[in-house]
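Naming: A, B, ... by sequence-line order, numbering from 1 per chain. Given the structure is predicted, the values throughout are model-derived calculations rather than measurements.
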Amino acid sequence: MTSQYWVLHVDLDQFLAAVEILRRPELAGRPVIVGGKGDPTQRAVVATASYEARRHGVRSGMPMRTAAKRCPDAVFLPADNPHYEEVSEEVMAVLRAFPDVVVEVMGWDEAFVGAETADPEALAQDIRAAVLAKTRLHCSVGIGDNMLRAKLATEFAKPGSPEPGGGGGTFRLTGANWVEVMADRPTQALWGIGAKTARKLADRGLTTVRELAATDPAVLAADLGPAMGPWYVQLGRGIGRARVEGTPWVPRSRGHETTFQENITDWADVRTEVAALARLVAADIGGEGRPAARVGVKVRFAPFSTYTRSKTLDAPTTDPDELATAALDVLERFTSRRPVRLLGVKAEF
DNA sequence: TCTGGGGTCCTAGGACCC
DNA sequence: TCTGGGGTCCTAGGACCC
């Protein structure tokens, strides 16, 4: 066997729920739902549902209230982000400990691994075994000849995948089986095409990956934008970035936002909250030593209409007073005084 | 289904400049 | 003066992802 470059996509199974079950083993086998403050009557959404909860139709992103209706017997737990961050770091350290691999972290619970190997399935199994041994967490690994295919392959590796040959913890998706596995699926199965774009494509007669792949990129460029149009066609053809990048990520922005349990009706309170959010952001970017060049404010009025305003600062700053003043200036550009559901402040570098 | 919080990138129009 | 063309920055919004 000859060695070649492979992309592996490592994705922890039901990460937040699995971490909580490790802390409280008596929860094993029970439907566990992690999200918000763990109170299903509050304004919050599900961050992760255990497989048992998913069997009742609970999904991430679903309002906690809805989850409670679908699965009243579930154990609801608050999201403990600092802990998940710590556990995630342990997992990433296990990946980085493999010799001659490049690791690109995509979130708490997933990462790409680039490696030169003759046997990517063996490497995938080694990774799964090492992660399990060192962290007691299970993961699935997608194997691909680029990042797009590796990422999509993971879904077929996951426990319970109905794909023939799938569900076994690893799955390989390359140019060799792309058409067989993907061509008849809806365009939304692709990583980067959501509900809105899938509908736009369907309006143009493109419902399957096969149809998208056969489209002239120039036609979609004129229609859906010079970058996005051709990119969608590339997605349909299974084309994506081939090399995993190990260089550390430099954030472009840093922000905080809050949804209030009760809408705010007094504009003086809105101003107070915006100033507080700006100081939170200032603390973050001050700690990172990166001054903000722009400040943005987001306001979501009840029931759910969202607007943003922003401005470029005269000079970049990390000063909390300056950032709070700038955020309040930007806030003044909102003229509506309807009840406010959410406020956010963001710094751009 | 009464819809979190953290982000990224793209698009398009207008301002402004040469 | 009825009027070019290119480039860049600013801003708001949209879509997507974890």
Side-chain angles (χ1 to χ4, degrees), chain A residues 9-12 14-16 33-48 57-71 78-79 81-82 84-85 88 104-112 147-148 151-152 154-155 187-188 190-201 220-232 235 249-261 263 277 280-281 284 293-314 330 333-334 341-349:
Chain A
H9 178 255
V10 179
D11 193 303
L12 292 153
Q14 49 169 8
F15 179 53
L16 272 46
I33 297 171
V34 182
K37 300 200 157 52
D39 176 354
T41 67
Q42 286 202 349
R43 283 177 174 172
V45 300
V46 174
T48 301
V58 178
R59 296 285 177 272
S60 357
M62 176 181 281
M64 292 282 271
R65 246 183 261 271
T66 310
K69 272 181 207 147
R70 296 207 178 179
C71 192
N81 294 1
Y84 307 143
E85 216 154 315
S88 174
E104 187 171 334
V105 176
M106 297 299 286
W108 285 342
D109 66 341
E110 62 178 286
F112 287 97
M147 293 173 66
L148 171 65
K151 165 78 182 173
L152 294 174
T154 305
E155 214 40 53
T187 57
Q188 215 183 323
L190 296 166
W191 185 38
I193 296 186
K196 296 285 174 73
T197 304
R199 169 151 344 161
K200 268 195 220 171
L201 292 170
L220 283 193
D223 213 13
L224 300 175
M228 301 304 278
W231 180 60
Y232 296 139
L235 289 180
W249 179 253
V250 182
R252 271 74 163 155
S253 67
R254 200 81 160 73
H256 284 281
E257 59 184 61
T258 314
T259 293
F260 302 101
Q261 288 302 321
N263 298 335
L277 285 165
L280 266 185
V281 173
D284 285 342
R294 286 175 62 76
V295 172
V297 174
K298 175 153 112 177
V299 179
R300 176 125 73 212
F301 295 103
F304 208 75
S305 39
T306 309
Y307 305 88
T308 61
R309 296 289 182 272
S310 63
K311 75 164 179 183
T312 300
L313 300 175
D314 294 334
V330 173
R333 308 229 288 260
F334 293 89
R341 177 189 173 96
L342 168 147
L343 291 170
V345 173
K346 174 171 76 162
E348 289 172 50
F349 304 115

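Between A:Phe301 and A:Phe334, the two ring planes are perpendicular [angle over 60°; tilted spans 30° to 60°].
Residues satisfying the side chain to side chain contact (heavy atoms under 4.5 Å, CB included) test with A:Lys200, not counting sequence neighbours, are A:Arg204, A:Leu224. Taking A:Arg199 as the reference, A:Asp203 meet the side chain to side chain contact (heavy atoms under 4.5 Å, CB included) condition, with sequence neighbours excluded. For A:Asp39, there are no salt bridge (charged side-chain N to carboxylate O under 4.0 Å, His left out) partners, not counting sequence neighbours. Looking at residues two or more places apart in sequence or on another chain, you find a side chain to side chain contact (heavy atoms under 4.5 Å, CB included) between A:Thr197 and A:Ile193, A:Leu201, A:Tyr232. Under the side chain to side chain donor-acceptor pair (under 3.5 Å) criterion, A:Glu104 pairs with A:Arg241, sequence neighbours left out. The side chain to side chain contact (heavy atoms under 4.5 Å, CB included) search around A:Asn81 returns A:Ala79, A:Tyr84, A:Trp108, not counting sequence neighbours.
Here the C1' atom of nucleotide B:dT3 and the CD atom of A:Glu257 are 13 Å apart, to the nearest Å. Spacing between atom CZ of A:Arg43 and atom P of B:dC2 amounts to 13 Å, rounded to whole angstrom units. The nearest whole Å value for the distance from the CD atom in A:Glu85 to the P atom in C:dC18 is 18 Å. Whole-Å rounding puts the A:Asp11 CG to C:dC17 P distance at 14 Å.
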Contact state string [nucleotides 5-16 of chain C, B base, S sugar-phosphate only, - no protein heavy atom under 4.0 Å] = -----SSSS-SS
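Counting any heavy atom pair closer than 4.0 Å across all strands shown, A:Arg300 reaches sugar-phosphate atoms only and no base atom. At a threshold of 4.0 angstrom between heavy atoms, the contacts of A:Gly225 are confined to the sugar-phosphate backbone, with no base atom among them.
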Only pairs under 3.5 Å count here: list side-chain donor-acceptor contacts from residues 342-349 of chain A, not counting sequence neighbours, and write none if there are none.
none

How does DNA chain B look in dot-bracket form if you count Watson-Crick and G-U pairs under 3.5 Å, write [ ] for pairs that cross, and put | where a base pairs with another strand?
-> ....||||||||||||||
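Residue A:Trp108 and nucleotide C:dC18 are not classified as a stacked aromatic pair, given the requirement of ring centres less than 5.5 Å apart at an interplanar angle below 30°.
Phosphate contact (OP1/OP2 of B:dC2, side-chain N/O of A:Arg341, threshold under 4.0 Å): absent.
If A:Asp284 and A:Leu224 are placed on DNA chain B by their nearest nucleotide, the residue sitting closer to the 5' end is A:Asp284. Where A:Arg252 and A:Ala222 each meet DNA chain B at their nearest nucleotide, the meeting point lying more 5' is that of A:Arg252.
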